[in-house]
Asks: 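Handing you this structure, nothing more for now.
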Amino acid sequence: MYSIRTKILAITFVSLIFMGTAFVLYSMATTKNYKRLRLEDIEKTVELETEKFNKEIGGIERSAINMVTSGLLFYQSQSRSIGETSVLEFLRSFPAAVGGGLWFEPHAFNNETRKVSIYAFYDRDTGELRLGDIENYDFYDRNWYRDIVDEITQPYQVAWAKPFIGDITQNLKTAAGAGIFDSEGAMIGISVVDWGMEKAVKALTAIRPTENSFVVLCVPEKDYIISATYLPNLTGAPAKIIPWDINAGSFTLGGVNYLNFGRRLDNGWLLSVQIPENEIFAEVEKRNTCYSMTIIFSLVFLMAAAYFLVSKLINTPLRRLTTDVAHLAIGNLDMHVKETTKDEFGMLAGTFNKMTEDLKNAIEAHEREREEKKRIATELRVAAEIQSSMIPCIFPAFPTRSEFDIYATMIPAREVGGDFYDFYMLDRNNLAVVIADVSGKGIPAALFMVITKTIIRDCTFSDSPKSVFEIVNKKLCENNDSRMFVTAIMGIFNIPSGRFVYVNAGHTPPLLRRGDGDFNYFSTKPCIVLGFIENPDYREVEIMLEPGDAIYFYTDGVTEAMNADRELFSEKRLLASINRCKEFPPKDMLSSIKRDIDIFTGETEQSDDITMLALEKSRHYGVLDREAVINELTVVAKMENFGKILDFIGEELDGYGYPPELEDLIFEAVEEIFVNVEHYAYAPETGEVTIGIAAGDEILIRFVDNGRPYNPLEAQDPDLDKPLMQREIGGLGIFLVKKLMDTVNYHRMDDKNVLIMTKKVKK
């Protein structure tokens with residue numbers, strides 16, 4: 001048989017060995033994981049920077065193609081004023097560019113003029129957009145012009161020039177150009193958009209993961225270095241003089257082994273980051289060495305200290321105490337344990353002595369109390385079961401009704417509570433909703449709760465909550481010697497119309513969510529509580545619920561839940577909590593709020609009943625299930641497919657005898673919405689859009705796409721009173737659609753953008 005000292009020392013030794021082994025295994029695992037995460041982090045950094053470059057590159061390329069339209073307009077009109085205005089307007093709408101213009105081949109603009117061009121740029125000193133003085137600027141022999149012209153062979157092709165110092169703006173930049181082709185397919189000029197490289201090159205120094213790593217931005221196919229932070233003087237030099245292989249996974253430079261992380265940009269450039277391998281993992285290796293030495297010395301010291309302390313302070317006193325307590329173990333309550341020390345062993349001996357004395361007195365009292373508590377617990381359990389059975393607790397409550405969703409929950413602070421909720425159908429089209437809080441707690445509040453709930457349901461003779469509360473208040477005031485009262489809200493929801501009428505009798509203000517928006521308190525001045533005075537004035541409040549709207553009711557046990565510091569959960573925290581789960585269905589929403597309350601209160605005992613009820617009108621009610629939409633067409637959201645859409649819309653409108661001007665109006669609105677889908681739902685990528693149409697006395701057109709969330713109706717209407725040059729870019733197309741159509745509505749549901757517009761046909 002081993003002594004307690006041996007056991008404690010053995011446990012201590014095994015624990016220390018286990019901890020040391022666990023640390024070694026953990027250190028090995030974390031080291032491996034750290035190295036993997038470190039490499040992934042570097043790769044993500046390079047990928048992120050590549051995405052930043054690609055985003056700007058894509059915008060520049062699209063802008064160069066779009067500016068071709070300005071070039072054709074200038075060419076066809078032969079008006080320099082029109083050309084300059086077009087270039088200025090285009091650059092004003094694309095501030096990412098530092099300049100741009102139109103450059104025509106010799107005598108291509110007209111036979112009389114050899115050199116024709118328009119160029120606008122942002123002044124570096126003032127930041128203003130202005131036209132450049134290029135009358136004497138011979139661009140035909142410039143490298144940037146030849147780089148672009150020599151590479152373009154067909155429309156919509158984009159070519160890039162090598163970075164250069166601008167002759168006018170005197171800053172480092174590159175340029176992307178697209179060809180301007182006449183009606184016979186001959187290239188007559190190019191549209192060029194300048195991209196300032198100073199910020200882009202400066203950003204390279206910010207992505208160095210370690211002290212001695214360096215970054216290279218180059219064009220391998222053209223044998224050209226744009227920027228290199230290792231040797232800055234290599235910028236602009238041929239790529240073949242670089243003393244390392246930028247396409248290799250690793251290489252050695254100056255006796256140092258480097259790891260290479262590279263990404264191709266969309267325009268063929270290469271962004272490459274070179275990092276010394278020893279710097280990537282230097283920190284973890286140093287940390288492991290330090291920790292290992294610390295663990296070894298700690299194990300030796302702790303074992304020596306444990307042996308000394310256990311022997312001196314625990315083993316001897318414990319042996320004496322064990323001998324005396326052994327008499328108590330055999331039932332000798334008259335045994336007196338010797339108190340030989342003043343420490344915890346002495347206190348423990350005194351505790352044993354007092355325990356034996358108290359134990360004698362407690363045995364008889366315990367038997368009496370056990371029987372009494374058993375009787376009370378049985379009665380309270382039966383009362384709680386009766387109370388819970390009186391409120392709706394089966395969900396879904398109305399499984400055959402898809403127009404709305406309702407869920408409620410009640411958590412009493414004691415075995416029984418004074419809160420309650422109720423909901424029931426008055427008829428097929430009207431739903432009654434009630435939530436209430438009785439003053440006081442425990443059994444008296446529970447009894448008054450049963451009376452109130454029964455009276456409210458029995459007195460619901462009409463769809464007027466005002467009339468119901470007047471009758472209920474009168475009955476509660478009769479013989480109410482206890483002066484108990486009830487705060488309550490009762491609402492009647494007319495399902496087909498969405499009309500919700502409610503009366504607030506001194507209850508907490510509910511919260512309302514409109515569609516996909518946030519919840520907000522909607523409170524009016526509350527009326528007097530039920531059962532307090534006779535003949536009070538109860539006022540009805542009416543709101544309209546649209547598809548996706550939701551109402552949340554609660555008792556003050558929610559906002560007055562208290563934590564250990566006696567702070568209240570509060571209306572502010574409730575609002576933040578419900579908006580974190582605003583998109584959840586009612587059941588999950590209430591569960592999420594209760595979770596937040598539990599986290600806030602921690603181990604603090606619940607002080608009041610917590611009751612919540614949520615009602616939501618179905619998001620799909622009357623939006624996507626409209627039977628009037630007969631035919632649909634799905635195409636890729638590109639302008640090249642717009643002709644198919646016009647043909648589809650035209651075929652659907654044929655046969656109804658609509659006037660040509662009405663069809664033109666419909667086509668114009670459809671074009672604006674389709675362009676919005678192309679530019680904002682998927683750009684720079686693309687995806688599908690489905691167009692549905694129904695014709696008759698009212699023309700309905702619906703757009704559905706799977707793109708990123710965007711609501712075109714949020715665009716600010718343009719100020720038409722301002723001069724053209726001073727107006728903000730954007731918003732004119734949607735403004736025109738809203739003027740042309742009778743209704744235009746947007747919804748986001750099932751991860752899809754849904755836009756529906758209608759136009760009534762005048763007879």
Side-chain angles (χ1 to χ4, degrees), residues 384 387-388 391 393 395 405-423 433-442 445-446 448-449 484-491 502 504-514 517-527 529-530 549-616:
Q387 185 181 40
S388 63
I391 60 177
C393 55
F395 297 96
D405 188 11
I406 191 169
Y407 191 82
T409 181
M410 184 183 76
I411 303 97
R414 301 180 182 176
E415 289 80 359
V416 291
D419 285 6
F420 73 90
Y421 66 84
D422 201 3
F423 51 82
V433 177
V434 181
I435 188 169
D437 183 2
V438 177
S439 61
K441 299 178 181 64
F448 204 74
M449 163 260 177
M484 298 186 73
F485 59 87
V486 183
T487 68
I489 289 180
M490 181 177 187
Y502 76 96
N504 185 343
H507 201 71
T508 53
L511 292 100
L512 172 65
R513 184 198 69 208
R514 292 293 190 185
D518 289 342
F519 275 94
N520 289 288
Y521 289 98
F522 73 104
S523 58
T524 56
K525 185 177 181 180
C527 305
V529 298
L530 298 173
D549 291 354
I551 310 178
Y552 168 79
F553 303 96
Y554 61 98
T555 60
D556 57 7
V558 174
T559 54
E560 295 178 4
M562 192 178 300
N563 63 13
D565 297 327
R566 304 191 65 79
E567 291 180 301
L568 299 181
F569 190 66
S570 75
E571 292 182 351
K572 181 179 179 181
R573 287 189 176 91
L574 173 59
L575 184 62
S577 175
I578 196 172
N579 280 322
R580 281 194 292 271
C581 60
K582 63 181 180 180
E583 298 178 356
F584 291 4
K587 180 180 179 180
D588 296 337
M589 180 188 299
L590 268 54
S591 298
S592 177
I593 296 172
K594 182 58 170 63
R595 229 175 3 254
D596 288 348
I597 295 174
D598 292 341
I599 294 172
F600 174 78
T601 57
E603 299 297 327
T604 305
E605 183 180 359
Q606 182 179 332
S607 61
D608 198 1
D609 304 336
I610 294 177
T611 304
M612 298 180 286
L613 184 148
L615 171 66
E616 180 183 51

Asks: With rounding to the nearest 0.5 angstrom, report the CE to OH distance, M612 to Y421.
Replies: 10.5 Å
Asks: Would T555 and D437 count as having a side-chain donor-acceptor pair, cut-off 3.5 Å?
Replies: no
Asks: Between CZ of R513 and CE of M589, what distance do you get to the nearest 0.5 Å?
Replies: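 Reported value, rounded in 0.5 Å steps: 5.0 Å.
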Asks: Examine distances only and state if a side-chain atom of Q606 and a backbone atom of I411 form a donor-acceptor pair shorter than 3.5 Å.
Replies: yes
Asks: Apply side chain to side chain contact (heavy atoms under 4.5 Å, CB included) to the pair L574 and I593, showing each step before the final yes or no.
Replies: CA-CA 8 Å; L574 173 59; I593 296 172; 4.0 Å; yes
Asks: Only counting residues at least two apart or in another chain, list the ones meeting ring-ring contact (aromatic ring centres under 6.0 Å, His included) with F584.
Replies: none
Asks: How far does NZ of K587 sit from OG1 of T409, to the nearest 0.5 angstrom?
Replies: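 One finds 10.5 Å between NZ of K587 and OG1 of T409.
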Asks: Please determine whether a side-chain nitrogen of the Lys or Arg among D518 and K582 lies less than 4.0 Å from a carboxylate oxygen of the Asp or Glu.
Replies: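 Salt bridge between D518 and K582, a charged N being under 4.0 Å from a carboxylate O: yes.
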Asks: Would you sort out whether Y407 and D588 count as a side chain to side chain contact (heavy atoms under 4.5 Å, CB included), showing the intermediate values?
Replies: CA-CA 9 Å; Y407 191 82; D588 296 337; over 6 Å; no
Asks: Taking all non-hydrogen atoms of both residues, which atom of A436 and which atom of V486 are closest, and how far apart?
Replies: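 Scanning both residues, the minimum pair turns out to be CB-CG1, 3.7 Å.
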Asks: With a 4.5 Å cut-off on side-chain heavy atoms, are I551 and L511 touching?
Replies: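 Not touching, per the 4.5 Å side-chain cut-off.
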Asks: If you take all heavy atoms of A445 and S439, which pair is closest and at what distance?
Replies: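 For A445 versus S439, the nearest heavy atoms are CB-O, 3.9 Å.
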Asks: Any side-chain hydrogen bond (donor to acceptor under 3.5 Å, both in side chains) involving residues 557-577? Give me the pairs, sequence neighbours left out, ordered by first then second residue.
Replies: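 Output for this query lists N563-E567, S577-D596.
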Asks: Enumerate the salt bridge (Lys or Arg N to Asp or Glu O under 4.0 Å) contacts for residues 602-613, please, sequence neighbours excluded, ordered by first and then second residue.
Replies: none
Asks: Measure the spacing between CE of M490 and CG of L530 and express it to the nearest 0.5 Å.
Replies: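 It is 10.5 Å, given to the nearest 0.5 Å.
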Asks: Test your reading of the model: is there a side-chain donor-acceptor pair from T604 to the backbone of T601, 3.5 Å cut-off?
Replies: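 Confirmed, T604 side chain pairs with T601 backbone.
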Asks: My understanding is that only residues two or more places apart in sequence, or in another chain, count here; which of them pass ring-ring contact (aromatic ring centres under 6.0 Å, His included) with F569?
Replies: F600
Asks: What heavy-atom pair brings Y521 and P509 nearest, and what distance separates the two atoms?
Replies: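 Shortest heavy-atom contact: CD2-O, 3.7 Å.
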Asks: Quick check: do L613 and V433 have side-chain heavy atoms less than 4.5 Å from each other?
Replies: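 Yes - at least one pair of side-chain heavy atoms lies under 4.5 Å apart.
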Asks: Which heavy atom of P585 sits nearest a heavy atom of D405, and at what distance?
Replies: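 Residues P585 and D405, closest heavy atoms: CB-OD2, 4.2 Å.
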Asks: Could you list the residues that satisfy ring-ring contact (aromatic ring centres under 6.0 Å, His included) with F519, not counting sequence neighbours?
Replies: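 In terms of ring-ring contact (aromatic ring centres under 6.0 Å, His included), with neighbours along the sequence ignored, F519 is linked to no residue.
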Asks: Quick check for you: to the nearest 0.5 Å, what is the distance between F420 atom CZ and I391 atom CD1?
Replies: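 Going from CZ on F420 over to CD1 on I391, the span is 10.0 Å.
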Asks: Using side-chain heavy atoms (C-beta onward) and a distance below 4.5 Å, is P586 in contact with I406?
Replies: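 With C-beta onward as the side chain, the pair stays apart.
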Asks: Are N520 and L512 close enough that some pair of their side-chain heavy atoms sits under 4.5 Å apart?
Replies: no
Asks: Run V438 and D419 through side chain to side chain contact (heavy atoms under 4.5 Å, CB included) and show every step you take.
Replies: CA-CA 6 Å; V438 177; D419 285 6; over 6 Å; no
Asks: What closest approach, in Å, do G557 and I610 show between heavy atoms, and which atom pair accounts for it?
Replies: O-CG1, 3.6 Å
Asks: At what distance, to the nearest 0.5 angstrom, does CE of M562 lie from CD1 of I597?
Replies: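 M562 atom CE to I597 atom CD1 measures 13.5 Å (nearest 0.5 Å).
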Asks: What are the two closest heavy atoms between S607 and A413, and how far apart are they?
Replies: C-CB, 3.9 Å
Asks: Tell me every residue that passes ring-ring contact (aromatic ring centres under 6.0 Å, His included) with Y552, counting only those two or more places apart in sequence or in another chain.
Replies: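 Testing Y552 for ring-ring contact (aromatic ring centres under 6.0 Å, His included), a comparison that skips the adjacent residues, returns Y554.
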